[in-house]
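Reminder, nothing fancy here: chain letters follow the sequence lines and each chain counts from 1.
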Amino acid sequence: MDVRESIKNLIQEALSSLDLEMSGEIHLERPANSEHGDWSTNIALAAAKKAGSNPRDLANEFKRVLEELSLEGISEIEVAGPGFINFYLNKSWLHDVLVQVVNAGSENWARLEEGEGRKVIVEFVSANPTGPLHAGHGRGACYGDSVARLLERSGYSVSREFYVNDRGTQMDLFASSLAACVSGRDIPEDGYHGAYIKEWADEISEDDDPFVWGKQRALDAHKEVLSDLNIEFDSWFSETSMVESGAIEETLTMLGEANASYHKDGAVWLKSTEYGDDKDRVLVKSDGEYTYLLPDVAYHLDKLVRAERLVNVWGADHHGYITRMKAAVESLGHDPARLDVEVTQMVNLQRSGEEVKLSKRTGDIVELSEVVKEVGPDAARFTYLLQSIDTTQTFDLDLVSRRANENPVFYVQYAYARIRSMMKKADQVGFAPIPLSAVDLSQLQHHRELSLIRSLHELPDIVARATRELAPHQITTWLRDFAGDLHGFYHDCRVLGDDVEPSLTQARFVLMQAALIGLEVGMHLLGVSAPEEMWRDEIQDEEGDR
RNA sequence: GCCCCUGUAGCUCAGCGGAUAGAGCAUCGGCUUCCGGAGCCGUGUGCGCAGGUUCGAUUCCUGCCAGGGGCGCCA
């Protein structure tokens, strides 16, 4: 049984013997400050009022009872602060954790069962095939993929989907813009005027249909840059395919039959106000063309059949559509709670602190491919996932492309490469690891060593919370902290060397194996590579004197 | 006017209702007989404002102020 469960049970026993009832879960946490023990509970604070005594006194009561019950492995129980009860454990529990981590390996450590194989579709990016992805799409792309990775690790069966709006007004405008450019005519006023239109028009041949060719050209561009970012979709779901299958008309009929729509002014409207929207929304325009909404509703119905849970990643400019989409879903009898819409706030590009509005190359909006090319895929992903999607992001191209210490991705990757390098060295000097069961892990008593193990033990909880909250930046934060612990350990504790006891070398080697596992798990969840080695840029070699 | 997000250190950001609010960068100062110095250690300043809920609020609720985004028979 997990330590935490054991302690919880112990507290439960104490509650009964004190004749107290607690509603809800017993709150047990790892104190932020290690001077407050290994585990801590606020049970006395929470129960004081009901018990009619002050928290400190009640905590001392608890302490007395807990000590009577006693539990193997607990070395000390103390009452502290306003009435916290802190538990100190024998270090052996941490050494046991190390064995668990190494046995699980990077494949299974912090792998959870919570999803129980349930199917979830993560839909993200879904940009129109009318032009290249821009820097802002990168955030949604990296976020969506990382959320998918989290869900996978938490036991869900995940499908990554890209919804392709390959028909309608915007596509027509895009095709006519391309055609105009090819034949030397002026691009229509409301058409696409980006610099890429000219570049693409140069590639097109006379036999090609601008609509068909243009769509494919845009999709190819999307796939290429996403692939550079280590993102692969399971499905590219075409809007046109739903016209062909009749799914859109079917959806329209279903909405009518559900009395969720009505005709007015020659258009068909969704009664979204019945579900909290400001106004009703048009499904079919008076000219007979669908708005974007109707096909998207049809798409969501399709997804709801295929998966138990849907996660959508939308840009901040789409937040207003959440209500109407949920309205449509609910009016057709589906539980809107099955649909999670996550909104990513905007990205502001900078270069050395100066706002970057336009691309140097095209004089147009900055393309995602330019960002990836300039900073590299690992730095791009790590940076996009550095902070909560709820905040507007400042992305400094200059800073992120720097192969230097102020760039957090290298701080983390370097920690990994450093251990790898040490292990290579170990191999060279003829170090031979003995079987795990023969290693005396109790030698690990240094605070650097213990804090590494504590962090590793925390990782499954971090993964669980990041999954629950769909917040991959929590993984990023953990990695940065863990890398810091690792550099600290590396500085203070040597693994190899004549002055290190062979048995200590063995123990620390196991610790390092476990550390690699932690880093691999974290970096994999972010989609960032774990390099075996890293070397400085030549420029920096010239600058440095070593 | 309505809706969404944000406001925490000089800057970029963490912070699952709890104890002395943390990182990185920047500043200043230290650390090489040794596994990679892209590292380590030290150094001080902060929860936008006002109420409320609570034993306890940076965290939850309300109002206000400030910044960003959205309010189309565009997507």
Could you measure between the two C1' atoms, the one in B:A9 and the one in B:C60, and give it in whole Å? 25 Å
Round to a whole Å and report the spacing from CG of A:Leu399 to P of B:C13. 11 Å
Can you tell me how far P of B:A14 sits from CG of A:Leu386, to the nearest Å? 8 Å
Opposite nucleotide pairing with B:G39, Watson-Crick or G-U, both atom distances under 3.5 Å: B:C31
Let me spell it out: for each of A:Asn165 and A:Glu78, pick the nucleotide of RNA chain B with the closest heavy atom. Which residue's pick is nearer the 5' end? A:Glu78
For a quick check of understanding: with a heavy-atom distance under 4.0 Å over all strands, which category does A:Ser388 fall into, base, sugar-phosphate or nothing? sugar-phosphate
Would you call the rings of A:Phe162 and A:Trp236 parallel, tilted or perpendicular if under 30° counts as parallel and over 60° as perpendicular? parallel
So if I take every side-chain heavy atom of A:Phe84 and compare against B:C13, B:A19, B:G68, which nucleotide ends up nearest? B:A19
Calculate the interatomic distance between A:Gln474 atom CD and B:A23 atom P; express it in whole Å. 18 Å
Determine the interatomic distance between C1' on B:U8 and the same-named atom on B:U45; round to the nearest Å. 12 Å
Opposite nucleotide pairing with B:G22, Watson-Crick or G-U, both atom distances under 3.5 Å: B:C13
With a 4.0 Å limit, can you tell me whether A:Thr477 has a side-chain N or O closer than that to the phosphate oxygens OP1/OP2 of B:A14? no
With distance as the sole test, does A:Lys63 use its side chain to make a donor-acceptor pair with the main-chain N or O of A:Glu78 at under 3.5 Å? no
Are A:Val375 and A:Asn407 side-chain neighbours, meaning at least one heavy-atom pair lies under 4.5 Å? no
Over how many whole Å does the gap from A:Asn348 atom CG to B:C13 atom C1' extend? 15 Å
Contact class for A:Arg418 (heavy atom, under 4.0 Å): base, sugar-phosphate, or nothing? sugar-phosphate
Can you label the angle between the A:Trp269 ring and the A:Tyr262 ring as parallel, tilted or perpendicular, going by 30° and 60°? parallel
Closest-nucleotide 5' rank along RNA chain B - winner of A:Asp492 and A:Ala426: A:Ala426
Do the side chains of A:Lys424 and A:Glu532 get close enough for a salt bridge, i.e. N-O under 4.0 angstrom? no
Would you find more than 12 non-hydrogen atoms of other residues, nucleotides or ligands less than 6.0 Å from A:His263 atom NE2? no
Using whole Å, report how far NE2 of A:His487 lies from P of B:A23. 16 Å
Residues A:His300 and A:Asn312: side-chain donor-acceptor under 3.5 angstrom: yes
B:C61 and B:G18: how far apart are their P atoms, nearest whole angstrom? 15 Å
Any base atoms under 4.0 Å from A:Asn86, or only sugar-phosphate, or nothing? Heavy atoms, all strands. base
For A:His473 and B:G15, is the shortest distance between a side-chain N/O and OP1 or OP2 below 4.0 Å? yes
Between CZ of A:Phe382 and P of B:A14 the distance, given in whole Å, is 13 Å
ring centroid sep under 5.5 Å plus plane angle under 30, A:Tyr414 with B:G39: no
If you compare every side-chain N and O of A:Lys279 against the phosphate oxygens of B:G72 (OP1, OP2), does one of them come in below 4.0 Å? yes
Considering every strand and a 4.0 Å limit on heavy-atom distances, what is the contact class for A:Asn128: base, sugar-phosphate, or nothing? sugar-phosphate
Nearest to the side chain of A:His36, which nucleotide is it out of B:C35, B:C13, B:A19? B:A19
Rounded to whole Å, how long is the line connecting atom CG of A:Asp287 with atom C1' of B:C73? 7 Å
Tell me what A:Phe174 touches on the nucleic acid: a base, only sugar-phosphate, or nothing, going by heavy atoms under 4.0 Å. nothing
Phosphate oxygens OP1/OP2 of B:C74: is one of them under 4.0 Å from a side-chain N or O of A:Lys285? yes
Classify the nucleic acid contact of A:Ser421 as base, sugar-phosphate or nothing, counting any heavy atom under 4.0 Å across all strands shown. base
When we call it a touch if two heavy atoms are under 4.0 Å apart, what does A:Ala316 touch: a base, just sugar-phosphate, or nothing? sugar-phosphate
When you check the phosphate oxygens OP1 and OP2 of B:G37, does a side-chain N or O of A:Tyr411 lie under 4.0 Å from one of them? no
How would you label the contact of A:Glu35 with the nucleic acid (heavy atoms, under 4.0 Å): base, sugar-phosphate, or nothing? base
Of the nucleotides B:C4, B:U12, B:C40, which one has an atom closest to the side chain of A:Thr394? B:U12
Within the 4.0 Å heavy-atom criterion, would you say A:Glu289 contacts the bases, only the backbone, or no part of the nucleic acid? nothing
Presence of salt bridge, A:Arg351 and A:Glu374, under 4.0 angstrom: yes
Pick base, sugar-phosphate or nothing for A:Asp499, based on heavy-atom distances below 4.0 Å to the nucleic acid. nothing
For B:C41, does OP1 or OP2 lie under 4.0 Å from any side-chain N or O of A:Arg448? yes
Measuring from the side chain of A:Ala417 (C-beta onward, heavy atoms only), which nucleotide among B:G36, B:U6, B:U20 has the closest atom? B:G36
Value in whole Å for how far the P atom of B:G56 lies from CD of A:Glu29: 18 Å
